[in-house]
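These notes concern the structure reproduced below.
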Amino acid sequence: MALDQTQQTFGIAELAREFGITTRAIRFYEDKGLLSPARDGQRRIYGPRDHVRLRLIMRGKRLGFSLDEIREMIDLYDVDPTEVSQLKLFIGKLQARREQLRSQQEDIAETLAELDRLETQSQDLLAERESRRGKSAR
DNA sequence: ATTCTGACA
DNA sequence: TGTCAGAA
């Protein structure tokens, strides 16, 4: 092992392309405290750590977590390398998210049911009017 | 050409 | 988060 090329860096445009997001989004995440790239003057230099964090951010988004929640989970990874408390929080977040989705699922089911009731009710009313028109129109 | 910051018909 | 501006 001569020289460990672990010092690989990424430019903002490069990361944006790799993750399919805009450079604006990447800077936005930084403003929210999820990313803290090094600087070369004004230019942002992203290292392996930022790359990993961005990957975690994208996964969190896919699961429906807010940026604040994602920041909480990721920050613990830094503070607690043992990952014990991080896993603890993560599990809690997953359960909360699952409950939230189930709650939404119930709301949707109720709305769907109400839609069905209204439709059948309207269909009946329509059928009734059409039959009456036939009789009184004579 | 690319990135940065700040602002918002 | 998009977009546009003005500067570096």
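Below, chains carry the letters A, B, ... as their sequence lines are ordered, and counting in each starts from 1. Heavy atoms only: backbone and side chains are in, while hydrogens, waters and symmetry mates are out.
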Practice task
For this output row, return yes or no: ring centroids of A/H51 and A/Y46 closer than 6.0 angstrom.
Solution key: no
Fill in the blank from the handout: Walking DNA chain C from its 5' end, the first of A/R43 and A/L67 to be reached, judged by nearest nucleotide, is A/L67
Handout entry: Pairing nucleotide - C/dG2, Watson-Crick or G-U, each distance under 3.5 Å
Key = B/dC8
Practice task
Any chance you could measure A/L54, atom CG, to A/E30, atom CD, to the nearest 0.5 Å?
Solution key: 11.5 Å
Fill in the blank from the handout: The reported gap from CG in A/D78 to OG in A/S36 (rounded to nearest 0.5 angstrom) is 8.0 Å
Give the rounded distance in Å between these two atoms: [atom1] of [X] and [atom2] of [N].
{"X": "A/D31", "N": "B/dA7", "atom1": "CG", "atom2": "C1'", "result": "13 Å"}
{"X": "A/E30", "N": "B/dC4", "atom1": "CD", "atom2": "C1'", "result": "11 Å"}
{"X": "A/R39", "N": "B/dT2", "atom1": "CZ", "atom2": "P", "result": "19 Å"}
{"X": "A/Q42", "N": "B/dA1", "atom1": "CD", "atom2": "P", "result": "22 Å"}
{"X": "A/I12", "N": "B/dT2", "atom1": "CD1", "atom2": "P", "result": "14 Å"}
{"X": "A/D40", "N": "B/dT2", "atom1": "CG", "atom2": "P", "result": "17 Å"}
{"X": "A/I26", "N": "B/dT2", "atom1": "CD1", "atom2": "P", "result": "15 Å"}

Problem - Nucleotide nearest A/R24 when distance is taken to its side chain, options B/dT3, C/dG2, B/dC4 - result: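 Shortest atom-to-atom distance from the side chain points to C/dG2.
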Practice task
Ignoring hydrogens and angles, tell me if any N or O in the side chain of A/E119 forms a donor-acceptor pair with the backbone of A/D116 under 3.5 Å.
Solution key: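 Checking the backbone N and O of A/D116 against the side chain of A/E119, no donor-acceptor pair under 3.5 Å is found.
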Problem - Phosphate OP1/OP2 of B/dT2: any A/T23 side-chain N/O under 4.0 Å - result: no
